[in-house]
Number of protein chains: 2
Amino acid sequence: MKLDDLKHAQRERLIFLDRCLTWRGMANRKDLIDHFGISTAQAALDFRVYLGLAHSSPPTYDPVRKTYIAASEHEALAPSGLTEAFDILAGVDEDTPSSALPRPERKADQRTIAFLHQAIRSGNAVHVRYTSMSSGADEGQWIAPTRFTSDGESVHLRAHSFKRGEYRNYLPIRIDPDSSFEEKPIDKPLPEDVDWNTRAIIWLRPKTGLSDEQAKVVRREFGFEGEWLRVETRKALEFFFDRRWGLDTVGARLERAKTDYEPI
Amino acid sequence: MKLDDLKHAQRERLIFLDRCLTWRGMANRKDLIDHFGISTAQAALDFRVYLGLAHSSPPTYDPVRKTYIAASEHEALAPSGLTEAFDILAGVDEDTPSSALPRPERKADQRTIAFLHQAIRSGNAVHVRYTSMSSGADEGQWIAPTRFTSDGESVHLRAHSFKRGEYRNYLPIRIDPDSSFEEKPIDKPLPEDVDWNTRAIIWLRPKTGLSDEQAKVVRREFGFEGEWLRVETRKALEFFFDRRWGLDTVGARLERAKTDYEPI
DNA sequence: TATGTCCATCTAGAAAATATACGAATAAAA
DNA sequence: TTTTATTCGTATATTTTCTAGATGGACATA
């Protein structure tokens, strides 16, 4: 019996339960009932199924505290990072501001995104008017969108620019929503997107100048033991890496050691 | 009939469907079947329920393209940002690197988090050994944790420090996992957490020095029309704001105009 | 014209979940 | 000490949800 053998709905519930046990160290039927709106009977069934699945380190019921307590060597069925599981830990009060810092969410026009998605699916080129931060609005151009990407802050469009003869990253928000979005088939095959199909393996180390003790904290914080932290992405996204990881800021605690490239 | 009247499982499915229609502009039964593992019959039922709910701008079936197409004035039942909905747009190939830039995920010790959560719940003080980046490891101290917070990058612990006589933000990863985590009741009531209970309203504007046209792009990108963008958070989290929004970097396109404070 | 794909719908039946009731252990309040 | 509240578990009958499998329609492509 595995987590994947279950139906989607119950699997979702057990994953939630798993996270409660992992990060809170405790869980009740009430947690399931409040979160999913199921009955007490069903919640009890879910607990039994969970206990059946978690044979390596099952939680135990503590009648004194009236909750299930995770085993001290508890192993998550579906491992999660603390950031993903934050909502498990944060009490949600309506009205008052969240206990999470608001993010700089970029807006996007639904219709524009749908047109681009459509062009990607059909493999057509599409006509757009694009405003770049440096050169201002253009008069309209044909691009061949291939996929959406994300740098964690905003969503980008990866597309071949016929004007430039290369693949570039575009910000959908800078596409004029009143562009024609006219589509046309691509006459000759596009070149390979080399940067996309190149793996960039970035090796990071604690910033030069940190004391040994500080370096140790940094290692623990980012979860690596040896000399380097290995992070893997695509060369096409590497441009965004330093900013996303804050390597270019004054208080940076990591720096690049080296970068390896290999075809995917 | 409203989205909230539905059971959790079906509501999840309809929200997914809603996002497909919103951002892809199209949806099939197959999308539901692949994502939730339901039958074709159930997927067809979900579509009918969705059509019943989306009375203001229902999608239409296009027999030629063999998909449902969102109305051009489509209104999302459950509005979402593009960043949240990114997984709807990104094709997921296993094996190859993701099309999203990896995030600098901070690690955290489950057991430590569970102890802290326990202390918050019970309202007790807890004994921990904390290593700060500046002053190094301490000899152990009592703190009174009140809640978890998040700056979007890592999760923090908000706690009253008896040593300092004030509320501070701690990084759980810097708490020694071998701390005693001994608990004791708090003898006299804690002072109010004034910074937590103060609303910080931050007014941002396009960075001075940008051209009018550039400022216009910035406004559209961050979704504000007038002079300022209003962002609301808690004073206790304000310290993280500039870094999270990249206001302290060279390429920043927003700057603070003013900040208002008011009690919550 | 044949084939494949996508849709919808029908029916019977399986599976999932509920409502309701009952009993047990514990802590705190009366 | 007794009562109340909270949490657990389980059992029953019932309702709701979902599936399996079959049927048919519209359209595109070969």
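Since the structure is predicted, the reported quantities are computational estimates derived from the model, not experimental observations. Letters go in sequence order (proteins before strands), and every chain restarts at 1.
Atom CG of Leu6(B) and atom C1' of dT16(D) are 13 Å apart (whole Å). Between the P atom of dC7(C) and the CD1 atom of Ile69(B) lies a distance of 11 Å, rounded to the nearest Å. The distance between atom NZ of Lys30(B) and atom P of dC6(C), rounded to the nearest whole Å, is 7 Å. One can place OH of Tyr68(B) at 15 Å from C1' of dT5(C), the figure rounded to the nearest angstrom. Here the P atom of nucleotide dC18(D) and the CZ atom of Arg29(B) are 15 Å apart, to the nearest Å. Distance CZ (Arg65(A)) to P (dC8(D)): 14 Å, rounded to an integer number of Å. Atom CZ of Phe36(B) is separated from atom P of dT19(D) by 12 Å (rounded to the nearest Å). Distance Ile33(B) CD1 to dC18(D) C1': 12 Å, rounded to the nearest Å.
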All N/O pairs under 3.5 Å across the protein-nucleotides 23-30 of chain C interface:
unit_1: dT26(C); atom_1: O2; unit_2: Lys66(A); atom_2: NZ; d: 3.0

Name the pairs: protein N/O against N/O of nucleotides 12-19 of chain C, kept only if under 3.5 Å.
unit_1: dA17(C); atom_1: OP1; unit_2: Arg13(A); atom_2: NH1; d: 3.0
unit_1: dA17(C); atom_1: OP2; unit_2: Arg13(A); atom_2: NH2; d: 3.0
unit_1: dA17(C); atom_1: OP2; unit_2: Gln42(A); atom_2: NE2; d: 3.1
unit_1: dT18(C); atom_1: OP1; unit_2: Gly37(A); atom_2: O; d: 3.4
unit_1: dT18(C); atom_1: OP1; unit_2: Ser39(A); atom_2: N; d: 3.2
unit_1: dT18(C); atom_1: OP2; unit_2: Ser39(A); atom_2: N; d: 2.7
unit_1: dT18(C); atom_1: OP2; unit_2: Ser39(A); atom_2: OG; d: 2.6

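Residues meeting the side-chain hydrogen bond (donor to acceptor under 3.5 Å, both in side chains) test with Arg106(B), sequence neighbours left out: Glu221(A). Residues satisfying the side chain to side chain contact (heavy atoms under 4.5 Å, CB included) criterion with Arg199(A), sequence neighbours excluded, are Ile201(A), Glu232(A), Glu262(A), Ile264(A), Pro97(B). Checked against side chain to side chain contact (heavy atoms under 4.5 Å, CB included), Ser150(B) has the following partners two or more places apart in sequence or in another chain: Phe86(A), Ala100(A). The side-chain hydrogen bond (donor to acceptor under 3.5 Å, both in side chains) test applied to Ser154(B) returns no partner, not counting sequence neighbours.
Among the heavy atoms of the strands, none lies under 4.0 Å from Phe47(A).
Residues Thr146(B) and His160(B) bring no donor and acceptor atom of their side chains to less than 3.5 Å of each other.
Between the side chain of Arg11(A) and the backbone N or O of Leu6(A), at least one donor-acceptor pair lies under 3.5 Å.
Among all heavy-atom pairs drawn from Asn124(A) and Pro145(A), the shortest one is O-CD, 3.6 Å.
The nearest heavy atom of DNA chain D to Arg48(A) and to Thr67(A) marks one nucleotide each, and the one closer to the 5' end goes with Thr67(A).
Annotation: Glu75(B), atom CD; neighbour count of heavy atoms from other residues, nucleotides and ligands within 6.0 Å does not exceed 12.
Each of Leu17(B), Asp18(B), Leu21(B) was evaluated against Pro59(B); a single residue qualifies, Leu21(B), per the side chain to side chain contact (heavy atoms under 4.5 Å, CB included) test.
Contact check, Asn28(B) against dC6(C): no side-chain N or O comes under 4.0 Å of OP1 or OP2.
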